[in-house]
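Report on the following structure.
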Amino acid sequence: MAPLQPERWLSTTGQVAQNSLKYSARIAKEAGADEIAVVGTMALRIAKNTADFQACVWELAGLEVRVIPGEDEAQLSYLAVVKGIEGASGSKLMTMDTGGGSTEFVFGNAGKLERKFSLNIGAVRFTEQYLSEMPVSPEHLEAADKAIHDELVQGGVEGPVPFLVGMGGTVTSMAAVKHKMVTYDPDVIQGSSLTEADVAGQIADYAAKTLDGRKAIAGLQPKRADVILAGALIVKNVLKITGATQLIVSDRGLRHGLLYELFHK
């Protein structure tokens with residue numbers, strides 16, 4: 001079988017990817033970057049044509065894509081937390097990163113990652129099953145809340161957790177809403193907190209509003225308006241199950257951990 005040619009792989013919409021790769025590499029080099037690191041995670045770990053993709057990226061932009069295993073991905077995200085959140089490096093902690101399809105949990109102690117697992121508990125599924133009609137009825141809200149709680153417990157989430165850190169778009173959006181942040185400021189979000197009262201207040205507000213009403217909330221990205229309630233219910237139940245009184249928000253993620261690792265070396 002003939003090798004996949006870049007021009008064949010990058011057809012139509014793929015041309016946008018070609019331009020983006022070349023543009024990003026050029027900007028980085030013009031800014032004086034000595035090394036450009038590109039990593040791939042879950043999508044490239046499970047793809048059947050990963051090698052073809054890597055070859056195309058090299059051909060088009062001169063960039064080597066390093067596909068990292070799940071353990072390395074968790075380690076880099078954990079590194080971003082312990083180096084970026086005050087008090088995290090010496091604490092026994094749990095991080096949570098909840099997205100549309102799943103929620104990842106990482107446990108560490110005194111700066112060392114101990115274990116991690118992922119549950120198929122995401123905002124999209126629970127929105128579709130229980131929360132698609134807005135405003136949300138008390139009955140549907142209660143049903144979603146119970147289903148999320150039960151799946152978290154069955155999946156192995158437990159307490160006590162003395163130091164809880166949240167990552168990803170759900171918690172950063174909730175923090176932005178708390179601060180009524182019209183223009184997102186990562187420096188304000190980093191290290192801020194969401195208390196049980198904060199989360200409960202946002203849940204009540206989201207449930208009472210139409211989709212357009214949610215989109216008008218200061219700090220909430222309109223594209224997250226439909227699924228933010230389910231995400232907030234996941235955060236609420238993690239707080240409840242772990243016994244944590246608050247969640248510390250990390251705006252830093254895998255790329256920040258990767259930067260720290262590269263500079264440390």
Side-chain angles (χ1 to χ4, degrees), residues 74 77-100 102-111 113-119 121-123 126 141 144-145 148-149 151-153 155-181 184-207 217 219-221 224 227-254 256-257:
S77 296
Y78 179 70
L79 184 61
V81 169
V82 298
K83 298 300 182 183
I85 298 293
E86 184 177 356
S89 61
S91 300
K92 183 175 182 180
L93 62 82
M94 181 184 87
T95 70
M96 64 171 291
D97 185 348
T98 184
S102 65
T103 301
E104 284 68 46
F105 299 92
V106 176
F107 295 80
N109 191 4
L113 188 150
E114 294 184 331
R115 68 185 179 102
K116 72 175 186 72
F117 60 89
S118 177
L119 301 177
I121 298 174
F126 288 100
L141 185 65
D145 189 43
I148 290 169
H149 178 275
E151 288 197 28
L152 286 169
V153 172
V157 179
E158 59 186 11
V161 172
F163 203 112
L164 176 62
V165 179
M167 310 168 69
T170 293
V171 296
T172 56
S173 294
M174 292 178 68
V177 170
K178 176 180 178 177
H179 291 282
K180 297 180 172 58
M181 193 174 290
Y184 187 83
D185 186 343
D187 292 330
V188 173
I189 298 300
Q190 176 72 2
S192 63
S193 66
L194 290 170
T195 65
E196 292 176 291
D198 293 331
V199 176
Q202 289 194 30
I203 288 172
D205 192 27
Y206 300 144
I217 297 174
L220 181 61
Q221 296 177 355
R224 292 190 180 275
V227 298
I228 189 64
L229 176 56
L233 287 171
I234 294 171
V235 173
K236 171 201 168 184
N237 279 284
V238 170
L239 282 165
K240 179 180 179 180
I241 294 166
T242 61
T245 59
Q246 64 177 352
L247 177 147
I248 305 301
V249 181
S250 173
D251 179 72
R252 312 296 189 253
L254 183 149
H256 300 90

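The first residue in the sequence is number 1, and the count goes up from there. We use all heavy atoms of the structure for the numbers below, so side chains are in, but hydrogens, waters and symmetry mates are not.
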Heavy-atom pair with the smallest gap, counting every atom of [X] and [Y]:
X	Y	result
Phe163	Ser91	CD1-OG, 3.6 Å
Leu233	Asn237	O-ND2, 2.9 Å
Pro162	Lys92	CG-O, 3.2 Å
Met96	Ile234	CE-CG2, 4.1 Å
Ala207	Leu141	CB-CD2, 4.2 Å
Ala123	Val227	CB-O, 3.5 Å

Considering only residues two or more places apart or on different chains, which pairs with a residue in residues 159-168 satisfy salt bridge (charged side-chain N to carboxylate O under 4.0 Å, His left out)? none
Measure the spacing between [atom1] of [X] and [atom2] of [Y] and express it to the nearest 0.5 Å.
X	Y	atom1	atom2	answer
Lys240	Ile148	NZ	CD1	12.0 Å
Ile241	Leu164	CD1	CG	11.5 Å
Ile248	Met167	CD1	CE	13.5 Å
Lys236	Leu239	NZ	CG	10.5 Å
Thr95	Lys116	OG1	NZ	10.5 Å
Leu93	Thr242	CG	OG1	12.0 Å

Heavy-atom side-chain proximity of [X] to [Y] below 4.5 angstrom:
X	Y	answer
Asp251	Tyr184	yes
Ile121	Thr98	no
Glu151	Leu119	no

Quick check against the 3.5 Å criterion: does Thr172 have a side-chain atom that pairs as donor or acceptor with the backbone of Gly169? yes
Please assess Leu229 against Ile203 for the test side-chain contact (heavy atoms from CB on, under 4.5 Å), listing each intermediate value before the final yes or no. CA-CA 6 Å; Leu229 176 56; Ile203 288 172; 3.8 Å; yes
Decide yes or no on side-chain contact (heavy atoms from CB on, under 4.5 Å) for Gln202 and Lys178, but give the supporting numbers first. CA-CA 8 Å; Gln202 289 194 30; Lys178 176 180 178 177; 4.1 Å; yes
Side chain to side chain contact (heavy atoms under 4.5 Å, CB included) filter on Arg252, not counting sequence neighbours, yields Ala80, Pro186, Asp187, Gln190, Ser250, His256
Please lay out, stage by stage, how Ser173 and Ile228 fare under the test side-chain contact (heavy atoms from CB on, under 4.5 Å). CA-CA 8 Å; Ser173 294; Ile228 189 64; 4.2 Å; yes
Classify the side-chain pair Ser118/Glu104 by whether it contains a donor and acceptor separated by less than 3.5 Å. yes
If you apply the rule side-chain contact (heavy atoms from CB on, under 4.5 Å), what do you find for Ser192 with His179, and how did you get there? CA-CA 10 Å; Ser192 63; His179 291 282; 3.8 Å; yes
